[in-house]
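A, B, ... follow the sequence lines: proteins, then strands. Residue 1 opens every chain.
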Number of protein chains: 2
Amino acid sequence: MDFISHLSSNNIKPSVQRIKIFEYLYKNTNHPTVDIIYKDLVGDIPTLSKTTVYNTLKLFIDNGITSTFTIDGNEARYDAIMEEHAHFKCNDCGQLYDVEIEALKLKFSKLNDFQIDNTNIYLKGICNKCLTK
Amino acid sequence: MDFISHLSSNNIKPSVQRIKIFEYLYKNTNHPTVDIIYKDLVGDIPTLSKTTVYNTLKLFIDNGITSTFTIDGNEARYDAIMEEHAHFKCNDCGQLYDVEIEALKLKFSKLNDFQIDNTNIYLKGICNKCLTK
DNA sequence: CACTAAATTTGTAATGATTACAATTTTATA
DNA sequence: TATAAAATTGTAATCATTACAAATTTAGTG
Ligand SMILES: [Mn+2]
Ligand SMILES: [Mn+2]
Ligand SMILES: [Zn+2]
Ligand SMILES: [Zn+2]
């Protein structure tokens, strides 16, 4: 994965901050918050500002290389995976799982004549690890 | 719908505020925010405090007679409908629609051995009214 | 290499929803 | 009525996010 050309080909000028933030998001698939991203990167880029993290993530989203979602109305979480997928949060250990939606044949008969641009699904419960212990 | 006995049978002492707030939620199916509820009721109950609205809704949720969800990480919205259903938000007119999920046979093969307690679905796009105009 | 304009980054202040908490009021109980 | 418990209220604190202006970096021109 060449981060610089990935940014460039999506009309994002590849500054140091942008490269590092995207790289971080690409390698850390645990849906970090702004605060987590900032705290993990400020060692690398000592002048980094949290505002830059906010601005940069907004830029990524506007240019379609990052997605965002919110669980339970708390902090926004970010994801470099752009394929539509659901999320599962374990109420016991707090772990956030990616869930592929193979049967997105969701029938919403009421929405026959609606244009659906975006499907957002998240599930809550107990994960397999927590169930077996 | 007898609101007083509905509250009582769910272990909620029916104060004036609680009755009015639940009645409001039951009759206004447009998923109001705390602010909307407060502004609409303060005429009726001039001493009403926004904190009471927050406290009361939390009580309703804890006792299972109200559900809550958040769209786009903004203010929480409240719903007296407890049957599991999805929501559709029109990106044009902003209207929020209830959507019944008839085929909640959603197959999440990855979650075979997970316990799913809660399914949260919301969709975004353009509603039929906005499409035809 | 200067010089200048545009783009990016940064720090601080403002906003807005939600929560904490202590004081006041209302309700239940003896 | 007297007292304790429960509910309500108002204010202050918290915390994520945004606004904004200053500072820095980058790009373009001669
Ligand atoms: Mn994900
Ligand atoms: Mn609803
Ligand atoms: Zn777990
Ligand atoms: Zn519409």
Side-chain heavy atoms of A:Ile37 within contact of A:Leu57, under 4.5 Å =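 Sidechains of A:Leu57 and A:Ile37: in contact.
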Would you check if B:Leu123 and A:Asn120 make a side-chain contact, meaning some heavy-atom pair closer than 4.5 Å?
->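 Sidechains of A:Asn120 and B:Leu123: no contact.
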Taking protein heavy atoms under 4.0 Å as touching, what does nucleotides 18-24 of chain C look like 5' to 3' if B marks base contact, S marks sugar-phosphate-only contact and - marks none?
-> BBB----
Quickly work out the [X] [atom1] to [N] [atom2] distance and round it to whole Å.
X: A:Asp35; N: D:dT18; atom1: CG; atom2: P; answer: 15 Å
X: A:Gln17; N: C:dT9; atom1: CD; atom2: P; answer: 5 Å
X: A:Ile19; N: C:dT9; atom1: CD1; atom2: P; answer: 10 Å
X: A:Leu41; N: C:dT9; atom1: CG; atom2: P; answer: 13 Å
X: B:Asp72; N: D:dA16; atom1: CG; atom2: C1'; answer: 16 Å
X: B:Leu7; N: C:dT27; atom1: CG; atom2: C1'; answer: 16 Å
X: B:Leu48; N: C:dT25; atom1: CG; atom2: C1'; answer: 15 Å
X: B:Lys13; N: C:dT27; atom1: NZ; atom2: C1'; answer: 8 Å

Is the number of heavy atoms from other residues, nucleotides or ligands under 6.0 Å of A:Tyr26 OH greater than 12?
->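 Open.
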Is the shortest side-chain N to carboxylate O distance from B:Lys129 to B:Asp92 below 4.0 Å?
->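 No.
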Would you please name every residue forming a side chain to side chain donor-acceptor pair (under 3.5 Å) with B:His31, sequence neighbours left out?
->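 Listed in chain order: B:Asp79, B:His87, B:Asp98.
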Between its two end axes (five pairs each) the helix from C:dC1-D:dG30 to C:dA30-D:dT1 turns, nearest 10 degrees, through 10°
What does B:Thr47 touch in the nucleic acid at a heavy-atom separation under 4.0 angstrom: a base, only the sugar-phosphate, or nothing?
->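 Result for B:Thr47 = sugar-phosphate.
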Could you check which of D:dT9, D:dA7, C:dG11 has an atom nearest any side-chain atom of B:Thr52?
->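 In terms of side-chain proximity for B:Thr52, the closest of D:dT9, D:dA7, C:dG11 is D:dT9.
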Consider the side chain of A:Ser49, meaning its heavy atoms from C-beta on, and name the nucleotide among C:dT9, C:dG11, D:dA7 that approaches it most closely.
->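 Nearest to the side-chain atoms of A:Ser49, counting from C-beta on, is C:dG11.
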Verdict with reasoning, A:Tyr78 to A:Phe69, per ring-ring contact (aromatic ring centres under 6.0 Å, His included) = CA-CA 7 Å; A:Tyr78 298 87; A:Phe69 63 98; 8.7 Å; no
For the student: nearest non-hydrogen atoms of B:Asp113 and A:Leu131, plus distance =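 Answer, listing the atom of B:Asp113 first, then A:Leu131: O-CD1, 3.3 Å.
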When you measure from the side chain of A:Thr56 to the backbone N and O of A:Val53, does any donor-acceptor pair fall under 3.5 Å?
->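 Checking the backbone N and O of A:Val53 against the side chain of A:Thr56, no donor-acceptor pair under 3.5 Å is found.
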Whether B:Thr52 side chain and B:Leu48 backbone form a donor-acceptor pair below 3.5 Å =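 No, the answer is negative, given that no donor and acceptor are paired below the 3.5 Å cut-off.
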